[in-house]
Amino acid sequence: MNYWLMKSEPDTFSFQDLKNRPKQREPWDGVRNYQARNFMRDAMKPGDLVLFYHSNTKPPGVVGVAEIVSEPYPDPTAFDKKSKYFDPKSKVESPRWVLVDVAFKKDLKSMVSLDMMKLMPELEDMKVLQKGNRLSITPVQEPEFKAIVAAGSKK
DNA sequence: GCCAACGTTGGC
DNA sequence: GCCAACGTTGGC
């Protein structure tokens, strides 16, 4: 099993929004970056655990744990002319963009902010902490995942 | 709101 | 295939 960090702007889709969904799950649509797509398409498996990260907010950080609950499948928003994620180059016969479904797993007692993460020696090599990183989906090592969940389990 | 970092596009 | 221009991300 693998671990991931997935970013979302809470104004667009927050961890609370995920929790409030009827089945507490949501298709992770709108990814339009090839590296991030390849992670979903080639490496993610149902059961993988996800650090749900709020970006572009004060403060940014990990707010909860989610779980991958589907195989990859074509992102329907790419075919939808009305969607802001519409991509005319993605054809139904040969979809360019895929997504997976993500489900609520558990809350953290407290957010693990980016500032806190930077102070944790276990997270030295984490991609999300490296300068200039803009990837919305990054792989996480098991010790990194556990360190963040442990930090977020404290009051 | 600024701007550094990075990805994509398109002319050549 | 190079690279300048442009768009986006996301911390600050």
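Remember, it's a predicted structure, so these values are computed and weren't measured experimentally. The sequence lines fix the lettering, A, B, ..., with proteins before strands; numbering per chain opens at 1.
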Exercise for review: Tell me, please, which residues at least two apart from A:F145 pass ring-ring contact (aromatic ring centres under 6.0 Å, His included).
Suggested key: A:Y3
Residues in salt bridge (Lys or Arg N to Asp or Glu O under 4.0 Å) with [X], at least two apart?
X      : result
A:K106 : none
A:R32  : A:D75
A:E9   : none
A:D107 : A:K19

Exercise for review: Using the closest heavy atom to pick a nucleotide of DNA chain B for each, name whichever of A:Q35 or A:N56 lands nearer the 5' end.
Suggested key: A:N56
Enumerate donor-acceptor pairs with a distance under 3.5 Å from any side-chain N or O in residues 34-41 of chain A to protein atoms, sequence neighbours excluded.
from	atom 1	to	atom 2	distance (Å)
A:Y34	OH	A:R96	NH1	3.0
A:R37	NH1	A:R96	O	2.9
A:N38	OD1	A:R41	NH2	3.2
A:N38	ND2	A:Y34	O	3.3

Check your understanding: Which of residues 80-87 of chain A have a heavy atom under 4.0 Å from DNA chain B?
Key -> none
Review point. How bent is the helix from B:dG1-C:dC12 to B:dC12-C:dG1, comparing axes over its five end pairs at each side, to the nearest 10°?
Key: 10°
**Study point:** salt bridge (charged side-chain N to carboxylate O under 4.0 Å, His left out) contacts in which one or both residues fall within residues 49-65 of chain A, not counting sequence neighbours
**Key:** none
Study note, to complete from the structure: Students should find that the nucleotides of DNA chain B closing off the region near chain A, any atom under 4.0 angstrom from a heavy atom, are B:dA5 to B:dT9
Check your understanding: Rest of the hydrophobic cluster containing A:V92 (Ile/Leu/Val/Met/Phe/Trp/Tyr, side-chain heavy atoms under 4.5 Å)?
Key -> A:F79
Review point. With clusters built from Ile, Leu, Val, Met, Phe, Trp and Tyr whose side-chain heavy atoms come within less than 4.5 Å, directly or transitively, what are the remaining members of the cluster of A:Y85, listed by chain and number?
Key: none
Practice item. Take A:D101 and A:W28 through the side chain to side chain donor-acceptor pair (under 3.5 Å) test and state the conclusion after the steps. Key: CA-CA 6 Å; A:D101 288 353; A:W28 202 261; over 6 Å; no
